[in-house]
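Reading through the structure tokens given below for one structure.
Sequential numbering from 1 along the given sequence is applied to the chain's residues. What you see is a predicted model; the values in this text were computed from it and never measured.
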Amino acid sequence: MTVSFALHGVGVSSGIAIGRAQLVSHATREVAHYTIPKSQVESEIARFESAVAEVQHELEGLHTALTSGDVPGEFGAFLDVHWMILNDPTLSEAPKRIIVEQRCNAEWALTLQMNVLVEQFDQIEDPYLRERKADVVQVGERVLKRLMGRPGTLPSPSAEEQTILVAHDLSPADVIQFKHHHFAAFLTDLGGATSHTAIVARSLNVPAVVATHNARQLIREGEMLIVDGGRHVVIVNPDRSVLGEYRLRQDELELARQKLRRLRSKRAETLDGVRVELEANIELPEDIDQANANGAAGVGLFRSEFLFLNRNDLPSEDEQFEAYRKVAEGMQGKPVTIRTFDLGADKQPHEFELTRVAPNPALGLRAVRFCLAEPRLFQTQLRAILRASHYGNVRILIPMLASVSEIDQTFAMIERAKATLAEQGVPFRPDTKIGGMIEIPAAVLSIGAFLRKLDFLSIGTNDLIQYTLAVDRADEAVSHLYDPLHPAVLKLIGLAIGSATKAGRPIAVCGEMAGEQELTRLLLGLGLREFSMHPSQLLTVKHRVLQTNIAAGASIVDRIRRVDDPERLKALLERLNALA
């Protein structure tokens, strides 16, 4: 007799999936402990080294898939972290000493060392570094599975019906394989809305619910599941009526997606005739296919740092130039905004790995600060971008600007790059536009000076919210305080948009807020006319733009600007979105 029940968690990727459960084992919970003879110590060490080498080979395969453009660019940073952990002596060498000292099997030695590392991470005060504990466990799990004779890759789903993975936890490297195996969805005991795995799931548009706490223990192999990412729920063994209801909802969602696809070539214009530009955020050149398929008016943010990650060397000027040129040509004259690399802190190329631990990576040597500290690396990228400007409508965007002096130093670097190209007779557009990211409250409060020097601005709401509210959204203990609708955040965004508009300078929003349909009318009311988002969000936001009359909601937006009470603000936003 089957029992129907529901599990609640955190829906990190919306959508509905119906399929059979496929359980993923959790190796650390099944490790045996036994003593080995002294004569077998060397062979046991060799077995451990072989398992590490197999995982290295597995990660290299994923690296190759990434560089071939077969997976989204977000995976690069995650794989890079796992590669470094795997090759760190605390994980790759310490277990061998334990094997020698305790004459125990390799699985047990690795488990003991993982426990030591987890305890050390638990004592770290910095929330970002403390969160890397999950990465250590995920890498150790992969090695353990090899030692225990299990495949490191995910099982292939049945061809007859969709399969839903159920796991205690999944690493980003695991989730990458959704691209090849086409699982319908996944759910895990652990995780949060801002975890690496959640970010990967959203990039792949895979329905997912995490933080279910005990799904792996309660669900049995082959049981029928419904994963509803939008409602944060998993239904186990649904009865016929519930199953029928969800199949109907699936059909309705698919019909809605088909209708949205019809908007691809339609101009983004409000009911009262205001033209809006909807552009795409991309990580790799291959992403332009999805951007064009969803009718992007251009590339509002090319995160160039993903060209630098997940590799042991730095991309050459020619390699970068080819990547930038491919995007410029692929967008056929539409604007392509290339953000100079936002490296540093957690996104560190191997050649520039820091020998010290930054006390607070978010406030450390990153983005434009890192660029100016590494002029050779910066000069190479600037030359590559300028060379690509000859092949399309390329713009340069500088991240994390906080002061006019940083703008002046960057301009000097750009002029130097132009001079060397001119001397060599290399073609480029000398009038290439240069813009700045507004991600720091100080940048908003000194925006007048920025507007006098820069051609355009782009608001990075993710960091602007984090720095305004002093909230690390990756820290589960405080992530609930990360609020795009905080009155202070809205005041800063409104000030930035208003100042740029008055000065006649273009300004965009390229953070997560740009792709949230519930915020589209509010941002339009604040004066925003250029949005940049993940390509998968373009048509949903366009649909909202087409249904909006900015003038009709102006009085509500004015009240939102003046409100300091969060509850009243949310009520006003609901009224704004309810307008016909």
Side-chain angles (χ1 to χ4, degrees), residues 23-63 78-124 129-155 165-177 188-191 195-197 216-217 310 353 357:
L23 306 186
V24 179
S25 64
H26 186 56
T28 53
R29 297 188 172 188
E30 305 166 28
V31 172
H33 176 204
Y34 54 88
T35 303
I36 59 173
K38 190 173 182 180
S39 59
Q40 292 182 13
V41 167
E42 289 302 320
S43 62
E44 194 68 11
I45 290 175
R47 193 166 71 89
F48 173 76
E49 291 174 336
S50 176
V52 171
E54 287 179 19
V55 175
Q56 287 175 331
H57 180 72
E58 184 180 313
L59 292 179
E60 286 171 359
L62 293 171
H63 291 177
F78 308 145
L79 291 178
D80 194 54
V81 170
H82 283 209
W83 177 266
M84 288 189 288
I85 291 172
L86 180 64
N87 289 279
D88 192 284
T90 58
L91 197 71
S92 62
E93 296 295 328
K96 293 191 282 187
R97 291 195 295 271
I98 295 174
I99 292 172
V100 173
E101 293 168 1
Q102 300 191 19
R103 281 174 42 194
C104 62
N105 56 309
E107 295 90 340
W108 186 252
L110 176 56
T111 302
L112 290 177
Q113 181 60 16
M114 285 171 62
N115 290 339
V116 169
L117 294 175
V118 166
E119 288 180 5
Q120 291 175 352
F121 273 88
D122 282 336
Q123 295 171 10
I124 295 176
L129 295 175
R130 189 168 62 244
E131 196 179 67
R132 300 283 66 76
K133 173 181 67 175
D135 294 304
V136 173
V137 173
Q138 288 166 355
V139 173
E141 280 269 330
R142 298 184 85 82
V143 179
L144 278 175
K145 287 177 180 178
R146 290 293 182 179
L147 286 168
M148 298 166 74
R150 299 175 185 167
T153 56
L154 297 174
L165 287 188
V166 183
H168 181 67
D169 193 18
L170 288 173
S171 71
D174 291 328
V175 184
I176 287 174
Q177 295 169 53
T188 62
D189 295 339
L190 304 181
S195 65
H196 284 171
T197 302
R216 179 63 180 78
Q217 291 178 304
N310 208 33
E353 284 172 15
V357 174

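Side-chain N or O atoms of Asn87 include one that pairs as donor or acceptor with a backbone N or O of Trp83 at under 3.5 Å. Looking at Arg47, its side chain does come within 3.5 Å of a backbone N or O of Leu147 through a donor-acceptor pair. Counting only distance, with no hydrogens or angles, the side chain of Glu44 and the backbone of Ala106 share a donor-acceptor pair below 3.5 Å.
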Check: Is there a side-chain contact (heavy atoms from CB on, under 4.5 Å) between Leu144 and Met114 once you walk through the steps?
Finding: CA-CA 11 Å; Leu144 278 175; Met114 285 171 62; 4.2 Å; yes
Could you walk me through whether Gln113 and Thr90 pass side-chain contact (heavy atoms from CB on, under 4.5 Å), step by step?
CA-CA 8 Å; Gln113 181 60 16; Thr90 58; 4.2 Å; yes
Given Ile99 and Ile36, is the side-chain contact (heavy atoms from CB on, under 4.5 Å) satisfied, shown in steps?
-> CA-CA 9 Å; Ile99 292 172; Ile36 59 173; 4.2 Å; yes
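Of all heavy-atom pairs between Ser43 and Gln40, the closest is OG-O, 2.8 Å. Across every non-hydrogen atom of Arg216 and Leu23, the tightest pair is NH1-CD1, 3.6 Å. In terms of heavy atoms, Gly140 sits closest to Leu110 at O-CD2, 3.8 Å.
You'll find the side chain of Lys145 stays beyond 4.5 Å of the side chain of Val55, heavy atoms only. Using a 4.5 Å heavy-atom cutoff, the side chains of Gln102 and Thr35 are not in contact. Side-chain contact between Val143 and Leu86: present, with at least one pair of heavy atoms (C-beta onward) separated by less than 4.5 Å.
Judged as a salt bridge (charged side-chain N to carboxylate O under 4.0 Å, His left out), and not counting sequence neighbours, Arg103 has no contacts.
Within the structure, ring-ring contact (aromatic ring centres under 6.0 Å, His included) contacts touching residues 41-60 (residues at least two apart or in different chains) do not occur.
Across Glu54, Glu141, Glu107, Glu49, a single residue satisfies salt bridge (charged side-chain N to carboxylate O under 4.0 Å, His left out) together with Arg146, and that is Glu54.
Side-chain contact check for Gln217 and Asp189: no donor-acceptor pair (N or O, by modelled atom type) lies under 3.5 Å.
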